[in-house]
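Here's the structure we're looking at; comments come further down.
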Amino acid sequence: MLDKRYDPKKVEEGKYENWKKEGYFTAGDLSKLPFSMVIPPPNVTGKLHLGHAWNTTVQDITARYKKLKGFDVMWLAGMDHAGIATQAKVEEKLRKEGVSRYDLGREGFLKKAWEWKAEYADNIHKQWAKMGLMLDYSRERFTLDEQLNKAVLHVFKTLYDKGLIYRGERIINYDPELKTALSNIEVEYSDDPGKFFYFKYPIVGTNDHLVVATTRPETMFGDTAVFVNPKDERYKHLIGKTVINPANEEEIPIMGDEYVDIEFGTGAMKCTPAHDPNDFALAKKYGMKFIKCMDLEAKMNENCGKYKGLDRYECRDALVKQIEKDGRLIKIEDIVHQVGHSERSHCVVEPMLMKQWFVKMRPLAEQALNKSEVNFVPERFNHTFRQWMENADDWCISRQLWWGHRIPAYYNKQTGDIIVSETPVTDPNYVQDEDVLDTWFSSALWPFATLGWPEETPDFKRYFPNSLLVTAYDIIFFWVSRMIFDSLEFTGESPFKDCLIHGLIRDSQGRKMSKSLGNGIDPIDVIDKYGVDALRYFLTTGSAPGQDIRYIEEKVQASSNYLNKIWNSARYVLDIVGENFKESDIKFDELKPLEKDILVKMNKTIKSVENYMDKYEYSMASTYLYNFVYDDFCSNYLEMSKVALNGDDENYKNIVKSILVNILKNIIIMIYPFAPFIGEELYLALPTHLKSIMLESYPVAKKYDEKGLEEVADFYKMITDVRNYKVNNKLAPNYKLNLVVVYKDKKPFDGIDTYLRRFTFADKIEITKDSNSKGMKFVYSALTLYIDDSISEEDLKLKKEKDKAFLEAEIARCKGMLNNPNFVNKAPKEKIELEKQKLAQFEEKLKNL
RNA sequence: GGAUGUUUAGCUCAGCUGGGAGAGCAUCUGUUUGACGUACAGAAGGUCAUAGGUUCGAGCCCUAUAGCAUCCACCA
């Protein structure tokens, strides 16, 4: 006997360990068709948040559903070393202990990092278990595994040999806090308050000056020119002259280029080729010098005179003061402008000219655009992917870190020649590049490198391409697109067939969850309060594909209530059928209308649910199931079945019980992918069951003849109308009324009076072909109901007028359509037929009023 | 500047290829009905952002406008 209340804690206990122990999570049944996914590997930096919970639940629902549908489901577990993020965390920890990474050296630091990894991997495993994820741990991978490292080196070497990886000096985004280069997409822009400084630049050989405005005076030490637009009437005569740079008194030329926006600032722009990507492009165009003015800590260097050694912002203040003293400051404007911050350290990135490794994007992007067969769900995210691909710049892949895949490039100490090699170069004349690769360089290989690629392993052959990848839309650029182009380049195939994109989770006010706002929700807290099944149900239902969701605690609670509803319906059904119940065969044709009706509804539900599950539309699937569970099963049939169960037809009692158990079982299996713990608990309580619900099959929808079931619909409406009548007339719910049910040709089903008595508390019920009742009349499609009560003439008249008005309006609507030649000519036949039927019904009802 | 999403009940959101507006929560009324008060029975609540258009028919398609959100690019 189940407990009276659904207690998530009790239900969840022990199940996960058991599934794992039984090997249900391990793929490899070759007799089945494969269905494969790889988990987006979480960073080993900390706790998993609600976004992870959502993402993994979507995958788990898919995995469990596909397993029920008979697939060999392979859902690969794994984690990402997360280069910058992890190194930053480890360094922070070390700093608290009073050591720097340089004190430890590369080896010593890496040892600490691996210790960190072990600790956090353990956390992540615990959270996965808590979420109930059926991950295949036998195939678990880490991005720094030996095998993945081999794949990374192979990819690097191959791309290098093809000329798709190169080492070059370009402007990159530099994070002065973490002291590493970043790729463009690792920079986040935000509107920050700043100042716009207007300075006088004396024009050499005249008493005149040019006004130049800048937000970054400290970079003036790297200036090599001032640019104006040659079409600018104010300045075009100055092109070719020189001005004095007020920062260092050096003479620099005034040059003309149409790049300059005449409207912006003063229309005269200073050019700093080594600290600005646009200026860099200009400098290349005109063959100018590149002067760096900062070192790797973003402090001013030897090109900055007395400012050398100052922090970039200290320098800015001091320099502005100096220029003001020199009488060359005109004004300072407060402005708000976009400033780039490092995604990890959040410090302001410094564009710097540096020698780094890059992936040449154009050829890879073209291939991805032309050959990708990935089916994005929802489809619109294909545009997001394509748009980014079309505009992708070369990808800076070297990072000045220690935690990661070390770049397999070796430099000749004397000549500087480069060797790129998949195996270590032991020649003492060569030294290996100190840098490691961007984390995303290895995650880009995740769908195939985890399966053993570049070896043609059995897993690779069987599970690649993956069937599905699930991720949030903010990761399309970072990961999805890179997997696609690497996969096409190296395997010749798209990495996965479908790519299901979901949104981001926000707080109840729609704000992003963030540490600084302190509005983050720990999934573990939610689980402790409501259970993981309720959390899972909340996360994956009630939202449209690709949309963001807000975390609203009441909704989790509502989910929990729903599960409790299922729990209690199961408790009831299992209680009445008893433990040793033997199901009898259910022959549809021999059933009574109420039983037929619920089976028809159940099978329609199975069909709809399955249809939406197949499309990954879990929200829609859950809606259909929910309505069936609440309305059709619990509110209607479960109540109705009590009549048969109290009757004396022992044979039919058994059939009703069988139907109840059958429906319950199907509900349990359908809710189980969403709520696996309660699913398993209830499943194992069924009179007959396999060892685990994980071994079950999905219900198969049957199609039944629905003829003659209108009377059941009429019957349910009668109950509602009687209840409604009592409320309207301020009668107690158990007030005893007299009812008359009038039929046309065919008597309503046996026992309809018993059912009506039970659910309307009616006293006398007459079933007749004719009646002269003066009671309130309700006309349905097959039946008519009179409520015989002391009803005032006035009320009867009002009711009749209301019904009449309604029917007349409906008839007018139908006629309007059917008399419209355009409608009759153009609308689909079925629709016209439907309207004709409706019209006939309404006219019939009107006649009967 | 470019792109995408969004605007539906008090709140949070669904609404499949166009064919009579839905849920949860909140509100109101009633209920010790023999699974469930984490419940049951009912009620109230909507110019589907605005303006045009297409169509026999528009919440859904098209155009424009406005608000909100996000992403990309630029910003001396």
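The chains referred to below are lettered A, B, ... by the order of the sequence lines, with proteins before strands, and numbering in each begins at 1.
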With respect to the phosphate group of [N], does any side-chain polar atom (N or O) of [X] fall under 4.0 Å of OP1 or OP2?
{"X": "A/K4", "N": "B/C36", "result": "yes"}
{"X": "A/R550", "N": "B/C13", "result": "yes"}
{"X": "A/R5", "N": "B/U38", "result": "yes"}
{"X": "A/K642", "N": "B/A35", "result": "yes"}
{"X": "A/K838", "N": "B/G19", "result": "no"}
{"X": "A/T384", "N": "B/C71", "result": "no"}

Compute whether any side-chain donor of one residue and acceptor of the other, for A/E553 and A/Y530, lie under 3.5 angstrom apart.
->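 Short answer, yes.
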
For RNA chain B, whose closest nucleotide is more 5', that of A/R506 or that of A/N561?
-> A/N561

Mapping A/G267 and A/N724 to their closest nucleotides on RNA chain B, which lands nearer the 5' end?
-> A/N724

Using Watson-Crick or G-U wobble geometry with both distances below 3.5 Å, tell me the partner of [N], or none.
{"N": "B/U12", "answer": "B/A23"}
{"N": "B/G34", "answer": "none"}
{"N": "B/A73", "answer": "none"}
{"N": "B/U63", "answer": "B/A51"}

Side chain of A/Q338, base of B/C74: donor and acceptor closer than 3.5 Å?
->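 In this structure, the two groups form a donor-acceptor pair.
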
What about A/E390: does its side chain form a donor-acceptor pair under 3.5 Å with the base of B/A3?
->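 No such pair is found, so the answer is no.
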
Can you figure out which of B/G19, B/U70, B/C36 approaches the side chain of A/Y473 most closely?
-> B/U70

Per ring-ring contact (aromatic ring centres under 6.0 Å, His included), A/Y562 is matched among A/Y537, A/F538, A/W567 by A/Y537

Using the benzene-type ring in the case of Trp, are the ring centres of A/F196 and A/Y198 under 6.0 Å apart?
-> yes

Cation-pi check, A/R482 onto A/W395 ring (under 6.0 Å, within 45° of axis) =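 Cation-pi check for A/R482 and A/W395: passes.
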
Indicate the ring-plane relationship of A/F806 and A/F842, choosing parallel, tilted or perpendicular according to the 30° and 60° boundaries.
-> perpendicular

